[in-house]
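Since we're looking at a predicted model, the values are computed, not measured.
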Amino acid sequence: PAALRRNSLRALAIAGRGFGVGLLANLVEEEPALFDDCELLLRKHPYGWTPRQERDAARLTALLPRARVEVGELEGQILWCDVILFASTSAGIHCMLRGRPAVHLALHDAIAADPTQAAGNTSALLRCATAADLKRTLSLLRAMSAEEYRAAAVAQRALAEKIYAPLDRRSLFVG
């Protein structure tokens, strides 16, 4: 409900690469009040970069003692959250398909990996390059009415459906 979202937005940050957790911690260092009105759940990448992610997650939770760090079941985490924060992982697209608004963060090193690029027009997706951008976006999401929140989720779901569209057999080249 909108009233609960206004008090404490539940944000699920999904790490897609090993360095993403450290870059998220950098944003918190830059803007210490970034998640003041949020409950943050960090989903670590489950298949690699374990030592680096552990070190960076410890740094993040030192900065944000209320933050939780889990691998866990993605479906349950999606049901828990109000918004998804992601960068290079297709799990962000999966979350949009499940009806949660998503924020694409510019958490990359030398090469930006954006799994939404294949969709063409991605104007429905909220994008943040800086800590200040993310702070504004989280405030915007908290302030949305139930109808505005639902409209954002529906628009993003339509975007995600373009990315994960059913196979069009007419488009296949058969030689």
Has [X] got a side-chain atom pairing as donor or acceptor with [Y]'s backbone, closer than 3.5 angstrom?
| X | Y | value |
| --- | --- | --- |
| Ser90 | Ile93 | no |
| Gln77 | Val71 | yes |
| Arg142 | Cys38 | no |
| Gln156 | Ala102 | yes |
| Lys135 | Ala33 | yes |
| Arg100 | Leu79 | yes |

Measuring only between side-chain heavy atoms, which start at C-beta, is [X] closer than 4.5 Å to [Y]?
| X | Y | value |
| --- | --- | --- |
| Arg59 | Val28 | no |
| Leu27 | Cys128 | no |
| Lys44 | Glu54 | yes |
| Glu75 | His94 | yes |
| Leu141 | Leu126 | yes |
| Leu134 | Phe35 | yes |
| Asn26 | Phe19 | no |
| Leu107 | Leu85 | no |

Would Leu138 and Asp37 satisfy side-chain contact (heavy atoms from CB on, under 4.5 Å), going step by step from the backbone distance to the final call? CA-CA 9 Å; Leu138 293 174; Asp37 298 318; over 6 Å; no
Please round to the nearest 0.5 Å and tell me the distance separating atom [atom1] of [X] and atom [atom2] of [Y].
| X | Y | atom1 | atom2 | value |
| --- | --- | --- | --- | --- |
| Leu64 | Asp36 | CG | CG | 8.5 Å |
| His104 | Ile84 | NE2 | CD1 | 13.5 Å |
| Ile78 | Glu73 | CD1 | CD | 9.0 Å |
| Arg66 | Leu41 | CZ | CG | 13.0 Å |
| Leu60 | Arg55 | CG | CZ | 13.5 Å |

Where do [X] and [Y] come nearest, in terms of heavy atoms and distance?
| X | Y | result |
| --- | --- | --- |
| Ser145 | Glu148 | N-OE1, 2.7 Å |
| Ala57 | Leu42 | CB-CD2, 4.3 Å |
| Leu63 | Ala25 | CD1-O, 3.6 Å |
| Ser8 | Asp82 | O-OD2, 4.0 Å |
| Gly99 | Ala153 | O-CB, 3.5 Å |
| Ala131 | Glu31 | CB-CB, 3.6 Å |

Assess Arg43 against Trp80: is NZ or CZ under 6.0 Å from the centre of the six-membered ring, and within 45 degrees of the ring's axis? no
Ile14 vs Leu74, side-chain contact (heavy atoms from CB on, under 4.5 Å): CA-CA, chis, key distance, verdict: CA-CA 10 Å; Ile14 303 176; Leu74 180 59; 4.3 Å; yes
Hydrophobic clustering (ILVMFWY, side-chain heavy atoms < 4.5 Å, transitive) - are Tyr164 and Met96 grouped together? yes
Taking a hydrophobic cluster as the set of Ile, Leu, Val, Met, Phe, Trp and Tyr residues connected by side-chain heavy atoms closer than 4.5 Å, whether directly or through intermediates, do Val154 and Tyr149 fall within one such cluster? no
Using only heavy-atom distances, determine whether the side chains of Ser139 and Arg136 contain a donor-acceptor pair under 3.5 Å. no
